[in-house]
Amino acid sequence: MILLTGGAGYIGSHTAVELIEAGYDVLIADNFYNSRPEVLDAIEEITGKRPALEEIDVCDVEKVDAMFEKYDIEAVLHFASYKAVGESVEKPLMYYRNDLDTLITVMEAMKKHGVNNLIFSSSATVYGVPETVPLVEGMPTGCTNPYGWTKYMSEQIIQDVCHAEADMSAVILRYFNPIGAHKSALIGERPNGVPNNLMPYITQVASGIRPHLNVFGDDYDTPDGTGVRDYIHVVDIAKGHIAAVQYAMSHKGAEVVNLGTGNGYSVLDIVKAFERVNGIKIPYEIAPRRAGDIAQCYADPTKAEKLLGWKAEEDLDAMCKDAWEWEKNITK
Ligand code: UD1
């Protein structure tokens, strides 16, 4: 059985679907802090199989221990964490407490119960303000906000445990910018309140929830002056986890791997692609730069292909189409 902490969330739920379709038994541990129980129904509708569920907080040592007793867990995919950059600046202790505590609690239970395979959700945010792009895994790291530091520190904790425990195997996945949704439009991203990220904001403008998009800065050193990112379809990200689990189960030690496409698109590229693919105008206004934003961030995805045999397959048009199909499904 594969345990997904935070498995009802955006990336966790897509990964649960891909795991079930690849023949794995899936156990989701989630406290529904930023997700909903109905996600389990959607996963069942897509795959024909309902994942096992433990509704617990994975900071709860006793409940996590009992869960590891109850199920035969072969590998852990650790998604459970807080993820809003702005909120982490306002409430750093909340972020350090939760995002480090969940990881340490899960890793202690793994050690106690002899579970040796861990896949961890890290982020391209650990590259800080990059000097050059594309980003290669060995490049310097450093962060600009507490959320980023939790990922940085978590990576270090995992590396240290793998160093100390010869049987341990971990794949640390640095996600670039996951967008889009499952083709069924039954699962997708559901931000609370005003979206922080670009694509959920665009889909809410498209559905009339918000009047226009604010483009944060048009004076960056990029081809059209707006920020450039490596947007990647969430189903590709999910498939990257399957490859990572298979790798972890047949190797020892820790590996850090970028999950990106290697393509950089600007904010205006995304707006234009969304408009063309979906036939909807996205009104936008140029606004000041957002604090902490960088000009460009995109992956060198070579290591993922060499080590895991994984490569992103979906293009930007599919990402825009699938994001919109999902938004229409939840706002209808
Ligand atoms: C953000 C986080 C990053 C996190 C990632 C998770 C920040 C500074 N960084 O990445 O740590 O790992 O989300 O998905 O929050 N944009 C607009 N208008 C908007 C929203 C965004 O112009 O309303 C622009 C941004 O300036 C940026 C691009 O769109 O150039 C992408 O922004 P976003 O989707 O928030 O992702 P990141 O900032 O790359």
Side-chain angles (χ1 to χ4, degrees), residues 6 9-12 14 34 79 81-90 95 99 120-130 133 135 141-152 154-155 172-181 188-191 193-206 209-234 237 258-261 263-274 282-299 316 319-320 323:
Y10 176 43
I11 299 173
H14 287 82
N34 192 22
F79 298 99
S81 68
Y82 296 156
K83 60 170 190 180
V85 174
E87 186 183 49
S88 81
V89 176
E90 307 288 321
Y95 271 66
D99 290 2
F120 178 70
S121 305
S122 189
S123 164
T125 195
V126 299
Y127 291 112
V129 183
V133 278
L135 291 153
T141 48
C143 303
T144 55
N145 58 71
Y147 160 76
W149 285 115
T150 67
K151 294 299 183 194
Y152 180 99
S154 297
E155 288 196 3
I172 293 165
L173 297 173
R174 290 184 180 157
Y175 308 152
F176 280 70
N177 289 57
I179 59 169
E189 189 173 15
R190 230 183 229 272
V194 183
N196 296 309
N197 298 116
L198 180 64
M199 185 55 88
Y201 205 102
I202 289 178
T203 58
Q204 291 198 2
V205 172
I209 298 172
R210 316 216 171 262
H212 67 269
L213 170 73
N214 289 304
V215 174
F216 297 144
D218 68 347
D219 57 353
Y220 285 105
D221 185 14
T222 60
D224 67 15
T226 66
V228 167
R229 298 289 183 275
D230 187 337
Y231 297 94
I232 172 166
H233 198 293
V234 65
I237 290 270
N258 287 338
L259 289 188
T261 66
N263 302 315
Y265 290 106
S266 74
V267 176
L268 295 181
D269 288 336
I270 301 296
V271 170
K272 281 180 220 148
F274 189 94
I282 302 297
Y284 68 84
E285 289 176 10
I286 305 298
R289 290 183 179 193
R290 181 171 67 180
D293 271 358
I294 52 176
Q296 298 198 69
C297 175
Y298 56 91
L316 185 57
M319 299 181 216
C320 291

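For this chain, numbers begin at 1 and follow the sequence in order. When a ligand or atom number is given, it counts from 1 through the structure's own listing order.
Distances from atom 18 (N) of ligand 1 to the heavy atoms of Leu198, Ile11, Asn214 put Asn214 nearest. For atom 10 (O) of ligand 1, the nearest non-hydrogen atom from the set Asp230, Asn177, Val126 comes from Asn177. The heavy atom nearest to atom 39 (O) of ligand 1, out of those in Arg229, His212, Gln204, is found in Arg229.
Taking the side-chain hydrogen bond (donor to acceptor under 3.5 Å, both in side chains) definition, one finds that Asn34 meets it with Asn192, sequence neighbours left out.
Residue Pro178 has no nitrogen or oxygen atom sitting less than 3.5 Å from a nitrogen or oxygen atom of ligand 1, judged on distance alone.
Salt-bridge formation is detected for the pair Asp219/Arg289: a Lys NZ or Arg NE/NH1/NH2 atom is positioned less than 4.0 Å from an Asp or Glu carboxylate oxygen.
If you number the atoms of ligand 1 from 1 as listed, the ones under 4.0 Å from a heavy atom of Asn196 come out as 20 (C), 35 (O). Applying the 4.0 Å criterion to heavy atoms of Thr125 picks out, from ligand 1, the atoms 11 (O). Atoms of ligand 1 found under 4.0 Å from any heavy atom of Ser123 (numbered from 1 in listed order, with element): 12 (O). Close contacts between ligand 1 and Asp293 involve ligand atoms 8 (C), 25 (C), 26 (O), 38 (O) [criterion: under 4.0 Å to a heavy atom]. In the vicinity of Val215, heavy-atom distances shorter than 4.0 Å reach the ligand 1 atoms 22 (O).
Contact annotation: for Tyr175 versus ligand 1, there are no heavy atoms closer than 4.0 Å.
In this structure, Tyr231 is part of the shell of residues with a heavy atom less than 4.0 angstrom from ligand 1.
Counting non-hydrogen atoms of neighbouring residues, nucleotides and ligands closer than 6.0 angstrom, the CZ atom of Phe216 exceeds 12 such neighbours.
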Kindly list each side-chain donor-acceptor pair under 3.5 angstrom involving residues 123-130, sequence neighbours excluded, with atom names and distances?
from	atom 1	to	atom 2	distance (Å)
Ser123	OG	Thr125	N	2.9
Tyr127	OH	Arg174	NH1	3.0
Tyr127	OH	Asn258	OD1	2.7

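Residue, atom and distance of the protein heavy atom nearest to atom 4 (C) of ligand 1 are Tyr147 CE2, 3.9 Å.
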